[in-house]
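Bear in mind the structure is a predicted one, so any value in this text is a computation, not a measurement.
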Amino acid sequence: MEILFASSNEGKFREAREFAEAFGLSLRSPRSCPGVPPIVEETEPTYLGNAQKKAFAFMKWSGLASLADDSGLEVSALGGAPGLYTARYA
């Protein structure tokens, strides 16, 4: 089965592809799909919401089953920050 990994992060893609191959799955990068935008703005209030938003958007654009994730760094001393805003925290 071929699945589109809805992320422009090449490091995440390589790790996910290795994991998927162990289960007989084939992951494609968005870069391998002409016309598929490389970025979906992460505007949801949760990691799950952002991952779902990306997976559904890439599925709609590509017509392929899609898989996405969202992650962040949560520091106890900062009250859980930066969390969802890790990529934009400064």
Practice task
Examine Leu64 and Phe5 and state if one hydrophobic cluster contains both, with Ile, Leu, Val, Met, Phe, Trp and Tyr joined whenever side-chain heavy atoms are less than 4.5 Å apart.
Solution key: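 Per the 4.5 Å side-chain linkage, Leu64 and Phe5 are not co-clustered.
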Practice task
Decide whether Phe23 and Leu4 are clustered together by the hydrophobic rule: side chain heavy atoms of Ile, Leu, Val, Met, Phe, Trp, Tyr closer than 4.5 Å, transitively.
Solution key: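 Different clusters.
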Using only atom types and a distance under 3.5 Å, with no angle test, would you say the side chain of [X] pairs donor to acceptor with the backbone of [Y]?
X     : Y     : answer
Ser66 : Ala6  : no
Ser26 : Glu2  : no
Ser62 : Phe58 : yes

Handout entry: Ala55 versus Ala68, closest heavy-atom pair with distance
Key =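 Between these two residues, the closest heavy atoms are N-CB, 3.7 Å.
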Problem - For the student: nearest non-hydrogen atoms of Leu27 and Ala20, plus distance - result: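 Smallest heavy-atom distance, with atoms named: CG-CB, 3.8 Å.
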Handout entry: Heavy-atom check, side chain of Trp61 versus side chain of Val40, under 4.5 Å
Key =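 Yes; the side chains approach each other to less than 4.5 Å.
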Could you pull out every donor-acceptor pair under 3.5 Å between side chains of residues 30-37 and any protein atom, sequence neighbours left out?
unit_1	atom_1	unit_2	atom_2	d
Arg31	NE	Glu10	OE2	3.4
Ser32	OG	Arg28	NE	3.2
Ser32	OG	Ser29	O	2.6

Practice task
Using ring pair (Phe, Tyr, Trp, His ring centres under 6.0 Å) as the criterion, list what pairs up with Phe56, not counting sequence neighbours.
Solution key: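 Phe56 satisfies ring pair (Phe, Tyr, Trp, His ring centres under 6.0 Å) with no other residue.
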Exercise for the section: Could you note down all residue pairs passing side chain to side chain donor-acceptor pair (under 3.5 Å) where residues 13-24 supplies at least one of them, sequence neighbours left out? Expected result: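 Every pair satisfying side chain to side chain donor-acceptor pair (under 3.5 Å) with a residue in residues 13-24: there are none.
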Distance-only check: which donor-acceptor pairs under 3.5 Å involve side-chain atoms of residues 47-54, not counting sequence neighbours?
unit_1	atom_1	unit_2	atom_2	d
Tyr47	OH	Glu74	OE2	2.8
Asn50	OD1	Thr43	N	3.2
Asn50	OD1	Glu44	N	2.8
Asn50	ND2	Asp70	OD2	2.9
Lys53	NZ	Glu41	O	2.9
Lys53	NZ	Thr43	OG1	2.7
Lys54	NZ	Glu42	OE2	2.8
Lys54	NZ	Asp69	O	2.5

Exercise for the section: Can you measure from CG (Leu25) to CG (Leu67) and round to the nearest 0.5 angstrom? Expected result: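 So the gap between those two atoms works out to 9.5 Å.
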